[in-house]
Amino acid sequence: MDLLTASGIEAGPPPVRRVRVLLPLPLASAYDYRVPDDMDLEAGAYVEVPLGPRQVFGVVWAVDGDEAGVPANRLKSVLRRFDLPPMPEVSRRFIDWVAAYTLSSPGSVLRMAVSVSAALEDPKALLAYLPSGDSPPPGFKMTDARRRVLALMEEEGPPRTPADLAREAACGIGVIRGLAESGLLTPVALRAQPRPPIPDAHRPGPTLSPDQAAAADALRAAVDARGYSATLVDGVTGSGKTEVYFEAIAACLRQGRQALVLLPEIALSSQWLDRFARRFGVRPVEWHSDLAGAHRRAAWRAIVNGEAPVVVGARSALFLPYPDLGLIVVDEEHEAAFKQEDGVIYHARDMAVARGFLGGIPVALVSATPSLETLTNAETGRYGRIDLPARHGGASLPDVTLIDLRRPDSRPPARHWLSPILVDAMKETLAAGEQGMLFLNRRGYAPLTLCRSCGFRLQCPNCTAWLVEHRLSRRLQCHHCGYTDRLPETCPSCEAEHSFVACGPGVERVAEEVAQLFPDARVALMTSDTLVGPQAIQTVIEEVRAHKVDLLIGTQVMAKGHHFPMLTLVGVVDGDLGLGGGDLRAAERTFQMLHQVAGRAGRESRPGRVFLQTHMPEHPVMQALAAHDRDAFLAAEADQRRAMDLPPYGRLAALIVSGEDERQVDKLARDLARVAPQGDDVLVLGPAPAPLALLRGRHRRRLLLKTARGVAVQPLLQSWLASIPIPGTVRVQVDVDPYSFM
DNA sequence: GCATGTATGTGA
DNA sequence: CACATACATGCG
C-alpha cells in the first residue's frame, strides 16, 4: 500500500530529483542539475552535463541539491553517467580542503584530479587476431611475409594486435590486413589496455642493515596501525632510505591497499624505477606531466579502477582519486620541485600530509637534508621521526675543502673559473684513473653578454632577465619564458661589430676551460639542454659507469642520486650561486643542493674529495658543509627564522598582482596595500616588484602577509581580496606558504 | 574554461 | 555602416 495515500497526504507529482555537480572550471561552487528518472546517481559519480552550449564532465558533489538555489524549472538534466567507480569521499573532501587552503576554486582542484577527461570514456576495444585454422581460400598467394606471420601465430599465445604482429614478423601492417581478409586470421576484441602488472609484495627483500631493519619495522608499524601518522625518515645519502620505505610499501600491498610515492622529478628517475622493479618484480604505474595521450588515459583509468597497486609520480599524482590509498611516501621531501607555482599554488609535501590526515593513513617524508619545516614538526612531536645514521656500504664521508676565491693564491686566472687548487686535484684524480665531476648550476655559456664598446646588455624582451648565450646551439635564450634569438652580429645599441663579450661562467664555458686544461680527458656535459628526454640521461649515466668518461660537467640534473663507483672528486664551481636573491630559503636550499652534490663523491670503498669554490667561506652554509654538521647549520637557520617570525615559526602568504599594463598593476598593488588587514599579529609588506618583475610579458608586484603561527590566513586573505574590485585585465594570485620571499 | 553578447575601434 | 577586436559575463 502507498504510504503517502494511506497517511492521507496527497501524492502530487514526484519531486524533481536534483544533484550538485562540481565542474572542472574555476567557478565558486558546484552547480545543480536534474537527475533523469531512469538514472541513479550517488555522490562521487562521474557525469556529463550541459553547460551553456557545451557538454562538460563533472562529479556529483552532493545528492541533495540546493533547493533554495536555481528554480527547478530552470534546471538542466544530467546527460549521462560514466561507467566508473565513484570518486571516493576522501578524494572529494581533499579537493574541498585544498581549495579552501589555497584559496582556489574547488573546480580548479578537481581539474587536477581528473586531468584527462578522455579517460572517462570507455576505452575502445582493441582489434587483435588469433589464427583461424582455416585453409587458404582459392586464389590465395603465399608470400614470405605472410608465411612469417602465420608461423608466428602457430605458437600458442594471447591474441595479438596488428601492430605487434607486424613488428614481430618484420612486415607491414598491410600483410596482416591481407591475411585477415583471406580469413586466415580471426579478429577478436581485446581489452584496450592491459592491466598494469602486480608488484609482488611477498618477494624477499634485500638484507637490511640493523639500522635499516629497525627503521623498516617502525614504518611498517605505522602502516599496520591503519591510521594517520606523519613520519620523517632522516638518513644521510647512501643510508638506504629507499629500501626502508620499500618495506612499508610491501606492508601496504599486503593489506591490499594502494601506495603512492611522490618524487620531485619523476622523468629523471629511471634508476628509481629499476630499483623498484628489482624489489617488486615489476615497474609501478607512473604519473607525471610528460605522460600524454593513451598512456596518460590508461594510467588514470588503472588508478581509478584500483588496478594500480603502486603509483609513483610527480606532485600532481597526489590529487588522483585513489579508491583505497594506504600509504604516501614523499621522497626528497625538501625538494623545491614539490612546490607548484602556477594555477593552484600548493606544496605537494604539505598537501600530502593533509591527504594522509583526511584519509587516516600514514605519510612518510624522506630526506637526507630535511626541510626546516619538517624537522621542526619532528622536533615538536607533530611528526614521528626515524633516523638512519649509517652510510651503507662502509664508505666514509667525503673530505670537503673550501676554496676561498678572494685569496690571490687560490683565485682562478682572469677569464678562468677553476682555482689552481681544484685543477691540481683534478690532475691527481685523472692520474689515479678515477673520475671527477664539476658542478655549476647554470646552463649555457655565460649568464650575461654585453657590448664591449657601449656596455649594452642583451636582455629578454618579455622578462626582467638577461639572455643567456648558448654556444652549443648558437643562440641566445631566456631561461624564464623560452624566448630565443640569434646572437646579433652588431650591437643593437651602438652598432659596433663583434663587440660582445661573455661575462661569467655557465657550464658550457667551464667545459671549454676543462678542454684546454685536460685535452686528453674524456668530458661529458650534463645539462637539460644536452639531455633531451630520460633516455639521454640514462645513456650518459651508463657511459660514466662504464668509465668511458673521465670528467663530468653539469647542472642540477647531474646532482640527483646516481652513484658512480669511480667518482672520487667533486668540484663546485660557484658555491655561492644560490645564496643571492631575496629567497627565504636560499641558505637552506643551497645547503641541500651542495650537500647532495657532495654526496656524489666516493661512495664505494674509495674516499671522496669535494672542493667548494666560494667567496664566503665563513658563511654558515659553507662551514656546515666543510664540517659535515648539518644539524648545527639547521639550528642556526632555525634561530634566525624564529627571531624574524618567519616560517615555520610564523606564517606567510603572498599576493602576486600581474598584468600587461604596468601602471594598472602598480595601482592595484598599491590599493591592496592601502586596504591591507591590520592587527597585532599581522603585517603586510610591499608592494615590491616580484623577483622577475616582468615575466612572459606580464608585469608583476608582490605583497607579503606575515602573521603569527596561530593565525588562520585564509579568512584574512579572503576578506582582503573582497574589499576591493579587481579589474578583469589584472590577475591576483594567492600563494599561501610561499617559498620565495620577495 | 569558454562561448557569448556588448562595447569599442578601424577603415571605406 | 560593415567588420574586426577587447572585455565582461554567465553558465545550473
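These figures come from a predicted structure and were not determined experimentally. Sequence lines set the chain letters: A, B, ... in the order given, protein chains first and strands last, and positions in each chain run from 1.
E660(A) meets the side-chain contact (heavy atoms from CB on, under 4.5 Å) test with no other residue; sequence neighbours excluded. Applying the side-chain contact (heavy atoms from CB on, under 4.5 Å) rule to R283(A) yields the partners L273(A), D274(A), A277(A), E286(A); only residues at least two apart in sequence or on another chain are considered. Not counting sequence neighbours, the partners of S104(A) by the side-chain hydrogen bond (donor to acceptor under 3.5 Å, both in side chains) test are T102(A).
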Throw together a table of side-chain donor-acceptor distances under 3.5 angstrom for residues 30-39 of chain A, partners on residues two or more places apart or in other chains.
residue : atom : partner : partner atom : Å
D32(A)  : OD1  : R20(A)  : NE           : 2.7
D32(A)  : OD1  : R20(A)  : NH2          : 3.3
D32(A)  : OD2  : R18(A)  : NH1          : 2.6
D32(A)  : OD2  : D66(A)  : N            : 2.8
Y33(A)  : OH   : P50(A)  : O            : 2.7

Please tabulate, for the side chains in residues 666-676 of chain A, all donor-acceptor contacts under 3.5 angstrom to protein atoms that are two or more places apart in sequence or on a different chain.
residue : atom : partner : partner atom : Å
D666(A) : OD1  : R701(A) : NE           : 2.6
D666(A) : OD1  : R701(A) : NH2          : 3.3
K667(A) : NZ   : D671(A) : OD2          : 2.8
D671(A) : OD1  : R674(A) : NH1          : 2.8
D671(A) : OD1  : R674(A) : NH2          : 3.4

Check residues 318-331 of chain A and write down every donor-acceptor pair under 3.5 Å in which the side-chain atom is one partner and the other belongs to a residue at least two apart or another chain.
residue : atom : partner : partner atom : Å
Y322(A) : OH   : A317(A) : O            : 2.5
D324(A) : OD1  : R257(A) : NE           : 3.1
D324(A) : OD1  : R257(A) : NH2          : 3.4
D331(A) : OD2  : Y245(A) : OH           : 2.7

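Rounded to an integer number of Å, the gap from Q55(A) CD to dC2(B) C1' is 14 Å.
Against DNA chain C, the stretch residues 100-119 of chain A makes no heavy-atom approach under 4.0 Å.
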Could you list the protein-to-nucleotides 6-12 of chain C atom pairs, N/O on both sides, closer than 3.5 Å?
residue : atom : partner : partner atom : Å
dC11(C) : O3'  : G52(A)  : N            : 3.3
dG12(C) : OP1  : G52(A)  : N            : 3.2
dG12(C) : OP1  : K76(A)  : NZ           : 2.2
dG12(C) : O3'  : D32(A)  : O            : 2.7
dG12(C) : O3'  : K76(A)  : N            : 3.1
dG12(C) : N2   : R20(A)  : NH2          : 2.8
dG12(C) : N2   : A30(A)  : O            : 3.4
dG12(C) : N3   : D32(A)  : N            : 3.4

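Within the structure, side-chain hydrogen bond (donor to acceptor under 3.5 Å, both in side chains) contacts touching residues 292-302 of chain A (residues at least two apart or in different chains) are S115(A)-R296(A).
Side-chain contact, S658(A) with Q733(A): no donor N or O sits under 3.5 Å from an acceptor N or O.
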